[in-house]
**Q** 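Submitted below is the structure of interest, expressed as structure tokens.
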Amino acid sequence: GDAAILVGHNAHTNKRCTNAHEFYRHEQLVDSMESHYAAYLVACADQGLTFDKKRFYSLGGVPASDIFALLGREQSIAVDVSRAMAAKASAMQADGYAQLHPIECVLTLFRAAASASIPLAVASGGERADVLAS
């Protein structure tokens, strides 16, 4: 993937968050796995692929393009990876980002660190566009 340091996004002001205090204030540390899984299912259905949740979680951190190619090889289906990627992105834009929820235990850590002026960083294995959109 396009692993990126999470800069973050404030959905309220449409501005980027750049430090722990901003993340804490706008609670933008989210669990996106279920939303991504739902988007994968849309893209996989379009390609005739199956993708169960256990397999999805086992491939955490693998770039989406590689996952579509792998599933195609495993299921002997010629996958249009570009089309699958576009379908996944479209599904995330249509509904996925609206379904994101803060990770409370991480927010608690960030709140404590921000109040104590302890610098923190957040990283993600997600695609840069997805990370910034969430």
Side-chain angles (χ1 to χ4, degrees):
D2 195 18
I5 296 300
L6 179 58
V7 174
H9 182 262
N10 176 352
H12 303 291
T13 64
N14 202 30
K15 293 183 180 177
R16 293 171 71 177
C17 301
T18 58
N19 59 47
H21 178 69
E22 288 291 313
F23 282 112
Y24 154 70
R25 224 174 60 218
H26 302 295
E27 300 190 347
Q28 294 298 308
L29 295 167
V30 297
D31 180 357
S32 62
M33 293 299 282
E34 289 297 318
S35 294
H36 281 284
Y37 180 62
Y40 268 108
L41 292 181
V42 170
C44 285
D46 179 60
Q47 297 286 319
L49 297 168
T50 59
F51 195 26
D52 68 56
K53 193 175 278 190
K54 183 176 180 182
R55 181 75 163 132
F56 166 72
Y57 278 102
S58 77
L59 292 170
V62 176
S65 56
D66 292 350
I67 290 172
F68 287 121
L70 175 66
L71 294 173
R73 283 192 306 274
E74 290 175 349
Q75 297 173 38
S76 301
I77 295 173
V79 173
D80 181 338
V81 173
S82 295
R83 190 170 106 193
M85 292 290 291
K88 180 182 178 291
S90 178
M92 282 299 292
Q93 289 294 327
D95 193 43
Y97 294 119
Q99 303 302 317
L100 300 179
H101 303 287
I103 305 170
E104 293 300 328
C105 62
V106 176
L107 289 174
T108 299
L109 172 66
F110 261 73
R111 288 179 186 119
S115 68
S117 298
I118 298 171
L120 292 174
V122 178
S124 173
E127 300 290 331
R128 183 178 212 65
D130 292 332
V131 170
L132 294 175
S134 65

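Quick caveat, the model's predicted, so the values are computed rather than measured. Because only heavy atoms are used, hydrogens play no part in the values below, and waters and symmetry mates are left out as well, while side chains stay in.
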**Q** Going by ring pair (Phe, Tyr, Trp, His ring centres under 6.0 Å), name the pairs with one or both residues in residues 69-93, residues two or more places apart or in two chains.
**A**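 For residues 69-93: none.
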**Q** If you look at every heavy atom in Ala84 and Ala43, which pair is closest and at what distance?
**A**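 Ala84 and Ala43 have their closest heavy atoms at O-CB, 3.4 Å.
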**Q** Check step by step if side-chain contact (heavy atoms from CB on, under 4.5 Å) holds for Val62 and Leu70.
**A** CA-CA 10 Å; Val62 176; Leu70 175 66; over 6 Å; no
**Q** Going by the rule side chain to side chain contact (heavy atoms under 4.5 Å, CB included), which residues pair with Ala69 if we only count those two or more places apart in sequence or in a different chain?
**A**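 Per chain and number, Ala69 pairs via side chain to side chain contact (heavy atoms under 4.5 Å, CB included) with Arg73, Val81.
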**Q** Please find the pair of heavy atoms, one from Ser115 and one from Ala112, that lie closest to each other, and give the distance.
**A**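 So the two residues come closest at OG-O, 2.9 Å.
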**Q** Of all heavy-atom pairs between Val79 and Gly72, which one has the smallest distance, and what is that distance?
**A**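 The answer is CG2-CA, 3.5 Å.
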**Q** Do you know which two heavy atoms are closest between Ile77 and Gly48, and how far apart they sit?
**A**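 Minimum heavy-atom contact is CD1-O, 3.0 Å.
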**Q** Of all residues at least two apart in sequence or in a different chain, which pass the side chain to side chain contact (heavy atoms under 4.5 Å, CB included) check with Glu34?
**A**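 In terms of side chain to side chain contact (heavy atoms under 4.5 Å, CB included), with neighbours along the sequence ignored, Glu34 is linked to Lys53, Tyr57.
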**Q** Nearest 0.5 Å, please: how far is CG in Leu49 from CG in Leu71?
**A**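 Rounded to the nearest 0.5 Å, the CG-CG separation comes to 5.5 Å.
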**Q** In the single-linkage hydrophobic clustering (I, L, V, M, F, W, Y; side-chain heavy atoms under 4.5 Å), do Val42 and Met92 co-cluster?
**A**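 As far as the 4.5 Å side-chain criterion goes, Met92 and Val42 are not connected within one cluster.
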**Q** Is it the case that the side chain of Ser58 and the backbone of Arg55 share a donor-acceptor pair, with hydrogens and angles ignored and the cut-off at 3.5 Å?
**A**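 Yes.
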**Q** Taking only residues two or more places apart in sequence or in another chain, which ones pass side chain to side chain contact (heavy atoms under 4.5 Å, CB included) with Arg83?
**A**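 Arg83 satisfies side chain to side chain contact (heavy atoms under 4.5 Å, CB included) with Asp46, Gln47, Asp80 once adjacent residues are dropped.
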**Q** Residues in ring-ring contact (aromatic ring centres under 6.0 Å, His included) with Tyr40, at least two apart?
**A**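 Once residues adjacent in sequence are excluded, the partners of Tyr40 under the ring-ring contact (aromatic ring centres under 6.0 Å, His included) criterion are Phe51, Phe56, Phe68.
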**Q** List the atom of Lys88, the atom of Ala39, and the distance in Å for their closest heavy-atom pair.
**A**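 Heavy atoms of Lys88 and Ala39 come nearest at O-CB, 3.6 Å.
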**Q** Please, which pairs that meet salt bridge (Lys or Arg N to Asp or Glu O under 4.0 Å) have at least one residue in residues 35-44, sequence neighbours excluded?
**A**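 Listed by first then second residue: nothing to list.
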